[in-house]
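Right, one structure below, let's go through it.
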Amino acid sequence: MTGARAGFAGPGRPGDRVLVFGGPYSNLQALRAMRARAAGLAIAPANALCTGDIAAYGADPAAVCDLMRDWGCAVVMGNCEEQFAAAAPDCGCGFDDGSACDALSRQWYAHALSALDDGQRAWMCTLPRRIDFTLGELRCTAIHGGATRINRFIFPSTPAEEKRREADILAADLVIAGHSGLPFTQVLGAGRAWHNAGALGLPANDGTPDVWYSLLTPDGGGLAISHHRLAYDHGGAAKALRAARPGDPYAGALESGLWPSLDILPEAERALTGRRLDPAGVFLSSPIIAGAGT
Ligand SMILES: [Fe+2]
């Protein structure tokens, strides 16, 4: 993958937790709630990590961008940042031409692009495409989509072998990715896993308005990974979106917890529409310990 390795040193002390969250998607109410939860958990900005797509579907792209910069947490570049930085004509999500997602994205992308100023877009341009750090004894790499393609959708149902190949390219024990918007952790073998914290700015199509974040807790050389719901002022977010873009179906999605289009979802994930999620936590052993004697 191209792009710089950069800047995120990981936890300052061996026992520090790292908070991970996915795309804020211009959802100011959700980002405020996330920042408040991080403060409540005593997680310093240096120990918070976002997997990109700061500005997208929601009402407040500029305010969300400013709040992220003010927070100072680590951010991986998403395809949205890549496109906004270049003032590209679309979001670069990789939707099929003529699909519902394609049509919807043209509306929110134009709104967000017009709301962001040159300074905000220049900041997006500086974001790293991957962030490498060590937790416990695990090599962790945060990316947005896939190892070689920023807008690759990797879902729970994506074959494990494909995830292993991506992890091999990244030389990572734990890959922390975003883009697909669903929270899950899949173990790929001893001391290896694929992790997606889910999205912060849009619910996970499970019929609830909650959004998601994760905690990575080093423990004895290994790592405990846990998924967490975040309830927030989704009514306020929907109201703001209706004011910003009347008739936009994403406002209803913030309340119902159901995506306005399922175009991008594989059959397995589509079948779970409206089913309340409860993604399992995982304990990843140290790959050094896991590999001993094998
Ligand atoms: Fe994305």
Side-chain angles (χ1 to χ4, degrees), residues 1-3 20-27 30-31 34 49-58 60-61 64-65 68 73-97 99-113 116 120-121 123-131 141-156 158 162-163 166 170 175-184 194-205 211-214 250 253-254 259-266 269:
M1 137 177 245
T2 58
V20 184
F21 60 99
Y25 296 161
S26 308
N27 186 332
L31 182 58
M34 184 74 273
L49 169 64
C50 173
T51 56
D53 283 356
I54 295 162
Y57 316 95
D60 295 296
V64 164
C65 183
M68 287 291 291
C73 62
V75 186
V76 173
M77 179 187 283
N79 56 285
C80 291
E81 285 73 64
E82 183 180 57
Q83 299 298 91
F84 289 131
D90 62 47
C91 66
C93 288
F95 301 139
D96 292 336
D97 285 346
S99 66
C101 283
D102 183 47
L104 292 169
S105 71
R106 291 181 193 283
Q107 298 166 28
W108 64 252
Y109 182 83
H111 166 233
L113 183 59
L116 295 168
Q120 290 160 335
R121 294 192 303 104
W123 172 72
M124 290 178 175
C125 197
T126 69
L127 297 175
R129 289 167 181 271
R130 63 183 287 171
I131 295 176
T141 297
I143 56 173
H144 181 65
T148 56
R149 192 153 55 82
I150 195 170
N151 66 351
R152 180 168 186 202
F153 289 107
I154 293 183
F155 290 103
T158 303
E162 290 186 33
K163 296 180 177 111
E166 298 270 321
L170 296 165
V175 179
I176 301 165
H179 191 55
S180 65
L182 299 178
F184 71 96
W194 191 278
H195 174 70
N196 191 319
L200 180 64
L202 193 66
N205 196 40
V211 293
W212 293 86
Y213 69 94
S214 301
Y250 281 106
L254 295 173
W259 291 0
S261 166
L262 307 182
D263 284 349
I264 64 162
L265 287 179
E269 282 76 17

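For ligands, and for the atoms within them, numbers begin at 1 and follow the listed sequence. Every heavy atom of this structure was used, including side-chain atoms; hydrogens, water molecules and symmetry mates were not.
- Relative orientation of the His179 and Phe153 rings is parallel, given thresholds of 30° and 60° on the angle between their planes.
- Counting only heavy atoms from C-beta outward, the side chains of Cys80 and Tyr25 never approach each other to under 4.5 Å.
- Here the side chains of Phe84 and Ile54 are not in contact, with every heavy-atom distance at 4.5 Å or above.
- Taking the side chain as every heavy atom from C-beta outward, Thr158 and Trp194 never approach each other to under 4.5 Å.
- For the pair Lys163/Val175, no side-chain contact is recorded, criterion being any heavy-atom separation below 4.5 Å from C-beta on.
- Shown are the protein N/O/S atoms under 2.8 Å from the Fe ion (ligand 1), given by residue and atom: Asp53 OD2, Asn79 OD1, His144 NE2, His179 ND1.
- Counting heavy atoms from C-beta outward, Trp108 and Ser26 have side chains that stay 4.5 Å or more apart.
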